[in-house]
Every structure is written in C-alpha cells, then in structure tokens.
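Notes follow the structure.
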Amino acid sequence: MGSTLVLISLMVSLSIAVIFPELKYSKSSINVHTDEYDFMVDKQRRGFLILGVLAVGTFFVSLQTLSVGLFLLHLIIDTLFGIYAYASFQVRAASIQQRNIAFMNDLTFEDESIEYLKQAV
C-alpha cells in the first residue's frame, strides 16, 4: 500500500510540474499571442494530454493486473512525458522572452535608468 501512495504522489507531483508552468505561461498578457504561438501551444497541450492519459492508464492497469511489463512501459512514458514537458516549456519560455525583448526594443523610453538597463542587456 505504501508503494502505491508513493507512486500516486509522484504522479501528482509530475502533474503539478506541468500545471504550474502551464498556468504561468497562459496568464502571460504582456503581448498579444500570434496565431503561430497559439498553434504551438495547442499542439503542446495535445501532447501533454496524450502522454498524460497514457501514463495514468498504464499506471492503473499495471497496478490492477500487477504486470511488471506494463509498469515498465508506464515508467518509460513518464520519462518521455517529463522530457517533453521540459522541452516544450523551454521553447515556450524562449519565445516569450524573444517577444518581450522585441517589444522593449520597439518602444522609445524617455527615462535614462530604463535606457541604461536596455544597454546593459
């Protein structure tokens, strides 16, 4: 019973690791999102959904049938899910940062302290 609780807590923590950055990036309202960005985010969310459902499904089926093979498949899917989530959030963060830098370069500021900050970057 203890190992089941540990595995469920690991699955919940992996889900939280995806949900919090997803909420953070979806609340980003500095710039208007482009169609290309929205298409990329929709594809990433579909990937999260597919890999997440497969991971949860193989986890519970392996627990019900006590199948080691299915549990190993679950671990492989969890690893792929983690790599996919990390890579997709890195790409999304980089695209947001590029848009923010481009947005800052397009504005003309009168304040010297902000000008010095732009020169430092």
Side-chain angles (χ1 to χ4, degrees):
M1 182 66 175
S3 63
T4 304
L5 294 177
V6 169
L7 292 174
I8 289 173
S9 66
L10 286 173
M11 193 168 51
V12 167
S13 66
L14 180 61
S15 299
I16 289 172
V18 171
I19 290 170
F20 284 155
E22 180 71 24
L23 290 175
K24 175 185 169 189
Y25 292 134
S26 67
K27 299 287 183 186
S28 175
S29 63
I30 293 175
N31 292 324
V32 177
H33 299 298
T34 62
D35 291 336
E36 181 181 341
Y37 180 80
D38 290 336
F39 179 69
M40 176 190 69
V41 170
D42 288 340
K43 281 179 58 175
Q44 288 175 353
R45 287 179 181 158
R46 270 186 262 137
F48 293 148
L49 179 67
I50 291 169
L51 286 174
V53 167
L54 282 174
V56 170
T58 56
F59 175 72
F60 286 114
V61 170
S62 68
L63 285 181
Q64 293 296 322
T65 61
L66 297 175
S67 172
V68 175
L70 279 177
F71 186 72
L72 290 176
L73 177 65
H74 164 73
L75 292 178
I76 292 169
I77 292 172
D78 270 349
T79 304
L80 290 174
F81 185 83
I83 292 169
Y84 181 74
Y86 177 77
S88 64
F89 288 135
Q90 292 298 321
V91 168
R92 198 182 302 181
S95 67
I96 289 173
Q97 289 174 357
Q98 285 176 341
R99 265 191 288 124
N100 290 343
I101 290 171
F103 178 72
M104 286 190 67
N105 287 338
D106 289 343
L107 294 177
T108 58
F109 292 105
E110 314 260 325
D111 190 13
E112 289 182 11
S113 63
I114 295 177
E115 245 346 278
Y116 290 134
L117 179 64
K118 282 177 57 178
Q119 290 175 4
V121 174

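- Taken from CZ in Phe59 to CG in Leu73, the straight-line distance is 13.5 Å, to the nearest 0.5 Å.
- In this structure, the separation between CE on Met40 and OG on Ser88 is 8.5 Å, given to the nearest 0.5 Å.
- By the criterion of side-chain heavy atoms lying less than 4.5 angstrom apart, applied directly or through intervening Ile, Leu, Val, Met, Phe, Trp or Tyr residues, Ile50 is grouped together with Phe48 in one hydrophobic cluster.
- The CG atom of Leu54 sits 12.5 Å away from the CD1 atom of Ile76 when rounded to the nearest 0.5 Å.
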> Does the pair Asp42 and Arg46 meet the rule for a side chain to side chain contact (heavy atoms under 4.5 Å, CB included), with working shown?
Replying inline: CA-CA 6 Å; Asp42 288 340; Arg46 270 186 262 137; 4.0 Å; yes
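- Using a 4.5 Å cut-off between side-chain heavy atoms of Ile, Leu, Val, Met, Phe, Trp and Tyr, with links allowed through other members, Leu80 and Val53 fall into different hydrophobic clusters.
- Atom-to-atom distance recorded for Leu70:CG and Ile77:CD1 is 9.0 Å, nearest 0.5 angstrom.
- For Tyr84 and Phe89, the gap between ring centers reaches or exceeds 6.0 Å.
- There is a path of hydrophobic side-chain contacts, each under 4.5 Å, that joins Val68 to Phe60.
- Between atom CG of residue Asp78 and atom CD1 of residue Ile83 there is a gap of 11.0 Å, rounded to the nearest 0.5 Å.
- Following chains of ILVMFWY side-chain contacts shorter than 4.5 Å, one can reach Leu51 starting from Val61, so the two form part of one hydrophobic cluster.
- When the ring pair (Phe, Tyr, Trp, His ring centres under 6.0 Å) test is applied to Phe71, the partners found at least two apart in sequence or on another chain are His74.
- Within the structure, side chain to side chain donor-acceptor pair (under 3.5 Å) pairs that include any residue of residues 60-72 do not occur (at least two apart or interchain).
- Separating the OG1 atom in Thr58 from the CG atom in Leu72 is a distance of 10.5 Å, to the nearest 0.5 Å.
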